[in-house]
Amino acid sequence: MRLFVTAALACALLACSTALALPPIPAYIKESLSDKPEYKAYVGQLAEAKDKCVSCHKPGLDKAKTKGHALNDFGQAMHKVLDDKGFMMAHKEKDAAKALKLFNEAWSKAIEEKNADGEKYGDLIRAGKLPGKNE
């Protein structure tokens with residue numbers, strides 16, 4: 001009985017872990033944007049960042065324990081438009097083309113959104129700035 005309960009808990013934790021964070025996103029940012037001159041400064045800044053998740057998450061917070069996964073405003077915009085289940089399934093199945101397609105579709109929608117100051121996230125990114133507010 002203990003073995004069954006332990007196995008059930010392990011499966012539940014494994015299933016929940018993919019819902020808590022999308023760790024491959026920084027790699028897809030790099031893959032998708034590296035060869036585009038308008039994103040050169042942003043990709044360079046992200047490559048030098050200690051925390052590669054700062055575009056979408058508030059640094060220093062536990063993404064699993066913080067309400068809303070510690071998403072900043074840009075992270076919330078991305079979360080709204082990304083098919084995270086489809087993206088993670090494609091990533092796990094090593095279907096890079098499908099995962100990249102889903103990422104790019106979401107990215108192109110999210111960068112058109114505006115932050116609270118009325119600035120488009122895409123304009124901030126093309127200016128070489130991190131798009132989200134990370135107070």
Applying ring pair (Phe, Tyr, Trp, His ring centres under 6.0 Å), name anything that partners Tyr42, two or more places apart in sequence or on another chain. none

Considering residues at least two apart in sequence or located in another chain, which fulfil the side-chain hydrogen bond (donor to acceptor under 3.5 Å, both in side chains) criterion with Asp123? Arg126

How long is the span from the CG atom in Asp95 to the CE atom in Met89, to the nearest 0.5 Å? 11.0 Å

List the atom pairs, with distances to 0.1 Å, where a side-chain N or O of residues 100-108 and a protein N or O form a donor-acceptor pair under 3.5 Å, not counting sequence neighbours.
{"from": "Lys101", "atom 1": "NZ", "to": "Glu105", "atom 2": "OE2", "distance (Å)": "2.9"}
{"from": "Asn104", "atom 1": "OD1", "to": "Ser32", "atom 2": "OG", "distance (Å)": "2.4"}
{"from": "Asn104", "atom 1": "ND2", "to": "Leu100", "atom 2": "O", "distance (Å)": "3.2"}
{"from": "Ser108", "atom 1": "OG", "to": "Asn104", "atom 2": "O", "distance (Å)": "3.2"}
{"from": "Ser108", "atom 1": "OG", "to": "Glu105", "atom 2": "O", "distance (Å)": "3.0"}

Minimum heavy-atom separation for Asp73 to Pro131, with atom names? OD1-O, 4.4 Å

Do His57 and Thr66 come close enough that some side-chain heavy atom pair is under 4.5 Å? no

With rounding to the nearest 0.5 angstrom, report the SG to CD1 distance, Cys56 to Ile25. 6.5 Å

Below 4.5 Å, heavy atoms only, C-beta onward: do Leu130 and Gln45 meet side chain to side chain? yes

Which residues pass the side-chain hydrogen bond (donor to acceptor under 3.5 Å, both in side chains) test with Asp62, sequence neighbours left out? none

Which residues share a side-chain hydrogen bond (donor to acceptor under 3.5 Å, both in side chains) with Glu119, sequence neighbours left out: Asn115

Would you kindly confirm whether Val54 and Ile111 end up in one hydrophobic cluster when ILVMFWY residues are joined by side chain heavy atoms under 4.5 Å apart? yes

Could you list the residues that satisfy side-chain hydrogen bond (donor to acceptor under 3.5 Å, both in side chains) with Lys36, not counting sequence neighbours? none

So NZ of Lys58 and CG of Asp51: to nearest 0.5 Å the spacing works out to 14.0 Å

List the steps, then state whether side chain to side chain contact (heavy atoms under 4.5 Å, CB included) holds for Leu124 with Phe74. CA-CA 11 Å; Leu124 293 168; Phe74 179 68; over 6 Å; no

Taking all non-hydrogen atoms of both residues into account, name the closest pair between Gly128 and Ala41 and its distance. CA-CB, 3.7 Å

Residues Lys80, Glu113: salt bridge by 4.0 Å N-O rule: yes

Side-chain heavy-atom pair Met78, Tyr121 within 4.5 angstrom cut-off: no

For the residue pair Leu46 and Glu48, establish whether any side-chain heavy-atom pair is separated by less than 4.5 Å. no

Rounded to the nearest 0.5 Å, what's the gap from NZ on Lys94 to NZ on Lys92? Could you check? 11.0 Å

Are Val81 and Phe87 connected, step by step, through hydrophobic side chains (Ile, Leu, Val, Met, Phe, Trp, Tyr) whose heavy atoms are closer than 4.5 Å? no

Taking all non-hydrogen atoms of both residues, which atom of Gln76 and which atom of Leu71 are closest, and how far apart? NE2-O, 3.6 Å

So NE2 of His69 and SG of Cys53: to nearest 0.5 Å the spacing works out to 13.0 Å

Between Ala99 and Ala90, which heavy-atom pair has the shortest distance, and what is it? N-CB, 3.6 Å

